[in-house]
Every structure is written in structure tokens, then in C-alpha cells.
Amino acid sequence: MKKTLFSSFLFLLFITFISISYLSFFGYETDRFNKIIKSQVKKSKYNVNLDFKKITILLDIKKFVLYVKFLNPKINYSKVSIPLEYLRSDIDLEFLSKRRLAIKKIIIATEYLEFTEIKSILEQFNLKQENFKNIETARFKIKKLNLEFDKDFKLKDNFNFSGIIDNANIKLLNNYKINDLSGNFRYDGDLFHFDKIIWSLKDKNNIDKEFFDGEIKVKKIKKRFEVNLKFKTSNPSALPRISIMNYAFEKGKISEINTSFLIDEKKNITFKKFSIIDDNNTLQVKDLKLNNNFNLINFKGISVKTSIDNIINNHFEISNKDKIIINGKIFDAKMLIKELSKDNKKNNFLKSISKDIKIDFNKIVKGAKFPIKNFSLIGQINNGEFEKILAKSDFSDNQHLDISLTKDKNTQFKVLEIYSDIALPLLNDYKFFQGLEGGKLSYVSKFNKKDSSGVLIIKNFKINKAPVLAKLLTLADLKGLTDTLRGDGISFDTLEIKYENNPSKMDIKEIFMIGPSISILIDGYVEKKSSLVSLRGTLVPAKTLNNVISKIPVLGEILVGKKVGEGVFGISFKIKGFPENLKTTVNPVKTLTPRFITRALESAKKKDPN
């Protein structure tokens, strides 16, 4: 009897071992538990209906858990059908003794879902609508969603998921939009991770800027968000610009952007680091803090190294402590004069900065063949704008550049004064001065937030191959002067430009040029909104003008001439149109205006005061 019982026990033990081994290694397919599983799921408070054909059971004897894989699963959540690729539930084996289903975990993988179709489901998870209201369209697939439950089948907070997002279009601030966003995503606890992202950013001018190889990590820390972001682009227009600097990221070359920043509860942004790097350029920023309007609050330091055509044109450091200190080997100042002359009332980015500033550069390049050496500047910034500047530098031992900026406290006008022993480095950005050689320059500009005026004087210079002047001389049939212009150039004693600026147009009060060969007087205007140019003027060869000045007492004969055909002094001309399509007309003049004669006499007197 004992042998029989022992043999039966061993047989049962063997059968149990074989069953457990089979369940552990191969699993068991059945529909026996369909009814109880569907019933328990339906009773849950999650408003879920589950349908399936069969289940496959696999045993994990160490964890005392059954892995239940559902075949042909179909799920309906809050009356929304969700197409599934995979559904598995981990069931605690205590249900065998307590006759109670104890689901520990559910693992889900879906087919591709349209965001608009599952938007209502997201609202069930207490996600604020503002978190996804800007998502216009998106298509995504959940590769793995892990949901863990307690003994009362209550969902724990430690769920995680991963998947693929495709063709997402998202509205951003200030008329910006992300198009065709694609990549992988993963959420685990408080960390959201995107990688292998590609997208294009459409700006307010409807221009697409493409990015690729992106990676984003977003971690929630109490009421703050910590973001790590890196991506690449081969589109230079996609990269940020600093208006006062001249630099360019080359088209076709890959630039990598890497940043780490915090967003606090007030939506202020603190960039711990920010860098843009390619083969020839490096721009790095430390501890940059912006407010919720993306205006600067503070920064710690900036490092810049850029190249154009493989030649280094910027290499300097900026530190921000008690005062702002900028020093380095070289700075490309091509945009400097334009920026100093602006009063950007609409730009509040630097408004929080009010400090003294000190700048030292070994060399400054200005796009001309005359490099500026030993540049030194001290100044004062108030609410993000230069209020005081005193700068000195050298072209050579006896050729210098001086710049000053002051503010009249009574009128609130700023006064910018520049003196340069060489004119070209300060003028080569302007098409009007194309072909100018030599000369000494002085410039005074007064401006406030609305209006500005200026006087530019250049002494003892030459103009060579200037297109506008060449056209005038050709139309006036002044062949000798045209040939001179194309050869050694035409010399001038003085050029004086007086202008006034308002929000709608630039009034050119006077452009007066006088030299040994020719004299010109011009006035007119340029509309800012349309860029329409309208100029009129008089051009007189020097021989005729000298005769006029020498015969001033006999005005009648000069102005009308003694005989028919006499008294033709030069030409009057008009230049009108848009910059790309200027039209020029000329007519002979038989009289000179008193204004022209007065200006010629003033110039002659200055040249020969005796």
C-alpha cells in the first residue's frame, strides 16, 4: 500500500513537473479563461471592453506569475476602438486559491493611431488640453505600453511606454509651425525621451527649415521642466542670427545644435549651455536666462569663433560680471555702424541689461583691404541700448579711427560721431559708395526712437567705375569724363550728404560733390515701405562752373547767354524707380540755380580762404 501511494505521489509529481516545464518553456493555448477575464475587465472602473479569440499561457515559476498573451485582441476604451498588435497580461497565481483575478501588469502594442481619433482618450488621463491643443495632426504607434496595477486593480503611477511618431504637425508661438515631425519616443516616470527625430520648422515667412538626427529629453522636477536637446541641420537659415555680428553657416555643411535648459513655473527659460558647431564655426553660451517673452534676463559668458571662406573673421569671448567685458583676437564689424545707428524700439531682447562695457580687439575687419588694429572701446548700456561710447583704433601709425556716442538728456537724442582717416572701411556696405577710393571721413548722426538726421563729409577722394555715375556721364554725352571714370577714376575735393529719417521715408536734403572735373548737386527721397527711390539733380563740368564763378558780377549774360546756344552749362537728371529697376532721364540746362552757385562758392572759399 505504501509503495502504491509513493508511486502515485511520484507520478503526480512527475506530471506536475512536466506540466510546469511545458508551461514555462512552450506555454498553453486555451479559451477556458475567456469568460472570467472578460467579465473582470468589464467590471473595472476604466470603461474598457476587451474581446479576443484565445489566450496563450506561459508560466514564470520564479515570480509565480502567469503571462497571458491574447490572440486577435480587440479593445474599446471610452467608446473609442483601439487597433492592437499585441496584448499581454501578467496574472498573479493567487487567483487559483482565492478564486480572484489578480492582474499585476498589462503590456500593450498598438497599430498606427491617428491623434484626432484618440484625443478624447488622453483627456481621461487628466492631461490638460493645453498640452496638446496645438497638435494639428499626428500619426503614432505605441510599440510597448506597460501598465502596472495594485491588488485592487488600481493603476499605479509608474506606467511607461515607447513608440514611433510620424507626420506630426504642431503650431508654435509667433506664427511658427513644426511640420512632418517623425521619430521615436519613450516615457518612463518623469522622463520623456525623443530620438532619431526629423522635422521642418516653418517660420512666419512660410519658409521651411529642416532639422534631423534630433534628440530631446524632458524631465519634470516638481514644477520645473529640465530639457536636453540636440539636433543637426544643413540649412543655414534655420540657425539663429546675432545682428551685430557678421558670420554665416555654409549651406550644405552640417551644423550641430546642443542645449540644456530649465523651464520654471513662470515659464522663464535658463539655458545651462547652448552651442552651435560645424567644421568652421563655434558659438557657445553659458547660463543664458530668458523670460517668458524670450527676452534676455542675464547671461554668464559667450564664446565665438567663426570663419568665412575658411578665414577666421570672429574669435572672441564675452564675460558678464560687474561689467560686460569683450576681448579677442578678431571681430568682423561689417554690421557695426548700421546697428549703432538703429534705435530698435520694437526689440526688447536686451532691455534688462544696464551695465558698463569694455571691448578690446587685436584686429577688426570691415570687409575692406584696410584692417583696423588695436580697437578699444569703453561705454555704457542702459536698458539694452548703447547710451555712451568712446572708441579708438588704428589703421597705421598715422591713420586712425575715432567713434563716440553720447546722449543729450534734454532732447533724448543720441549723437553718433565718427572720424576716419580712411573712408572705405566704413562705407563699403553701401552700394551708393561703390567705386570710392581714398578720402577722409567725418560723420555726425542724431537720432531718437522715431527720427534721425545725419551729415556725412568725405574729403579728397576718387570714384572709379561707379555704375550710376557712369550712366549719367554716358547719357550726358560727356565721353571724356566717362573714359576717365573707367580708367584712373574721377577725383573729388568734397562729398557732403545731408539727410533726415522718419518712419515713412528718408529725405535726402542734399548730396553735393565737387572736384576738378565735375560737380553734382542732388536731392530727393527714398520710401521705406516700398523702397521707391526718387532723386533729381544737376551735373556740371568743372570748366563751365569755373567760368560761372569767375563772371559772377555779370549775372545776366551768364544765366541766359549772349547768343542762341550759349548758356548750356550741364545737365539736369532724374533717377526714379525701385532699386532693381532704376530709370534715369537727362536734359540740358541753360541756367544754374542760385543754390548750386552758392554751394560752389562755399566750396571754393573753403579750398582757398584767401
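In this chain, residues are counted from 1 in sequence order. Keep in mind that what you see is a predicted model, and the values were worked out from it rather than measured.
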Taking the side chain from [X] and the backbone from [Y], do they hold a donor-acceptor pair closer than 3.5 Å?
{"X": "Ser452", "Y": "Lys446", "result": "no"}
{"X": "Lys355", "Y": "Lys321", "result": "yes"}
{"X": "Lys528", "Y": "Asn501", "result": "no"}
{"X": "Ser352", "Y": "Leu296", "result": "yes"}
{"X": "Ser303", "Y": "Gln284", "result": "no"}
{"X": "Ser354", "Y": "Asn383", "result": "yes"}
{"X": "Asp394", "Y": "Asp397", "result": "no"}
{"X": "Asp421", "Y": "His400", "result": "yes"}
{"X": "Asp278", "Y": "Asn281", "result": "yes"}
{"X": "Ser260", "Y": "Lys273", "result": "no"}

Could you state the interatomic distance from [atom1] ([X]) to [atom2] ([Y]), rounded to the nearest 0.5 Å?
{"X": "Leu427", "Y": "Ile422", "atom1": "CG", "atom2": "CD1", "value": "12.0 Å"}
{"X": "Ser445", "Y": "Leu456", "atom1": "OG", "atom2": "CG", "value": "10.5 Å"}
{"X": "Ile221", "Y": "Leu191", "atom1": "CD1", "atom2": "CG", "value": "10.0 Å"}
{"X": "Ile216", "Y": "Lys230", "atom1": "CD1", "atom2": "NZ", "value": "12.0 Å"}
{"X": "Phe211", "Y": "Ile257", "atom1": "CZ", "atom2": "CD1", "value": "6.5 Å"}
{"X": "Ile263", "Y": "Thr270", "atom1": "CD1", "atom2": "OG1", "value": "10.0 Å"}

Salt bridge (Lys or Arg N to Asp or Glu O under 4.0 Å) with [X]: which residues, sequence neighbours excluded?
{"X": "Glu317", "value": "none"}
{"X": "Lys141", "value": "Glu85"}
{"X": "Lys104", "value": "none"}
{"X": "Lys300", "value": "none"}

Heavy-atom closest pair, residues [X] and [Y]:
{"X": "Ile108", "Y": "Thr110", "answer": "CG2-CG2, 4.1 Å"}
{"X": "Gln380", "Y": "Ile357", "answer": "N-CG2, 4.1 Å"}
{"X": "Ala168", "Y": "Ile165", "answer": "CB-CD1, 4.0 Å"}
{"X": "Glu136", "Y": "Thr116", "answer": "O-CG2, 4.2 Å"}
{"X": "Asp451", "Y": "Phe413", "answer": "O-CE2, 4.1 Å"}
{"X": "Ile458", "Y": "Ala423", "answer": "CG2-CB, 4.3 Å"}

Student check: side-chain heavy atoms of [X] and [Y] closer than 4.5 Å:
{"X": "Ile170", "Y": "Trp199", "answer": "no"}
{"X": "Ser420", "Y": "Tyr443", "answer": "no"}
{"X": "Glu500", "Y": "Asn502", "answer": "no"}
{"X": "Val415", "Y": "Val444", "answer": "yes"}
{"X": "Phe361", "Y": "Ile326", "answer": "yes"}
{"X": "Phe316", "Y": "Ile302", "answer": "no"}
{"X": "Leu87", "Y": "Ile75", "answer": "no"}
{"X": "Ile254", "Y": "Asp213", "answer": "no"}

Only counting residues at least two apart or in another chain, list the ones meeting ring pair (Phe, Tyr, Trp, His ring centres under 6.0 Å) with Tyr499. none

Sorted by chain and number, sequence neighbours left out, ring pair (Phe, Tyr, Trp, His ring centres under 6.0 Å) with Phe212 holds for none

Does Glu215 form a side chain to side chain contact (heavy atoms under 4.5 Å, CB included) with Asp195? I'd like the steps, not just the answer. CA-CA 4 Å; Glu215 182 178 5; Asp195 63 5; 4.2 Å; yes

May I ask you to decide if the ring planes of Phe161 and Tyr187 are parallel, tilted or perpendicular, using 30° and 60° as cut-offs? parallel

Hey, can you tell me if Phe274 and Phe271 have their rings parallel, tilted or perpendicular (30° and 60° cut-offs)? perpendicular

Just by distance, with hydrogens left out, do [X] and [Y] show a side-chain donor and acceptor under 3.5 Å apart?
{"X": "Asn146", "Y": "Asn160", "answer": "yes"}
{"X": "Asn398", "Y": "Ser396", "answer": "yes"}
{"X": "Lys407", "Y": "Asn382", "answer": "no"}
{"X": "Thr137", "Y": "Asn169", "answer": "yes"}
{"X": "Thr306", "Y": "Asn313", "answer": "yes"}

Inspect the contact between Asp166 and Arg139 and indicate whether a charged nitrogen and a carboxylate oxygen are less than 4.0 angstrom apart. yes

Could you check whether Asp90 pairs with Arg88 (Lys NZ or Arg NE/NH1/NH2 to Asp/Glu carboxylate O, under 4.0 Å)? yes

Could you walk me through whether Leu416 and Phe447 satisfy the side chain to side chain contact (heavy atoms under 4.5 Å, CB included) test, starting with their C-alpha distance in whole Å, then the side-chain angles of each, then the deciding distance to 0.1 Å, before giving a yes or no? CA-CA 8 Å; Leu416 175 65; Phe447 57 97; 4.1 Å; yes

List the steps and the verdict of side chain to side chain contact (heavy atoms under 4.5 Å, CB included) for Ile82 and Leu113. CA-CA 8 Å; Ile82 302 175; Leu113 307 172; 4.1 Å; yes

Trace of the salt bridge (charged side-chain N to carboxylate O under 4.0 Å, His left out) decision for Lys358 with Asp360: CA-CA 7 Å; Lys358 187 176 187 301; Asp360 288 292; 2.5 Å; yes

Side chain to side chain contact (heavy atoms under 4.5 Å, CB included) between Arg186 and Asn184, worked out: CA-CA 7 Å; Arg186 185 173 73 253; Asn184 300 324; over 6 Å; no

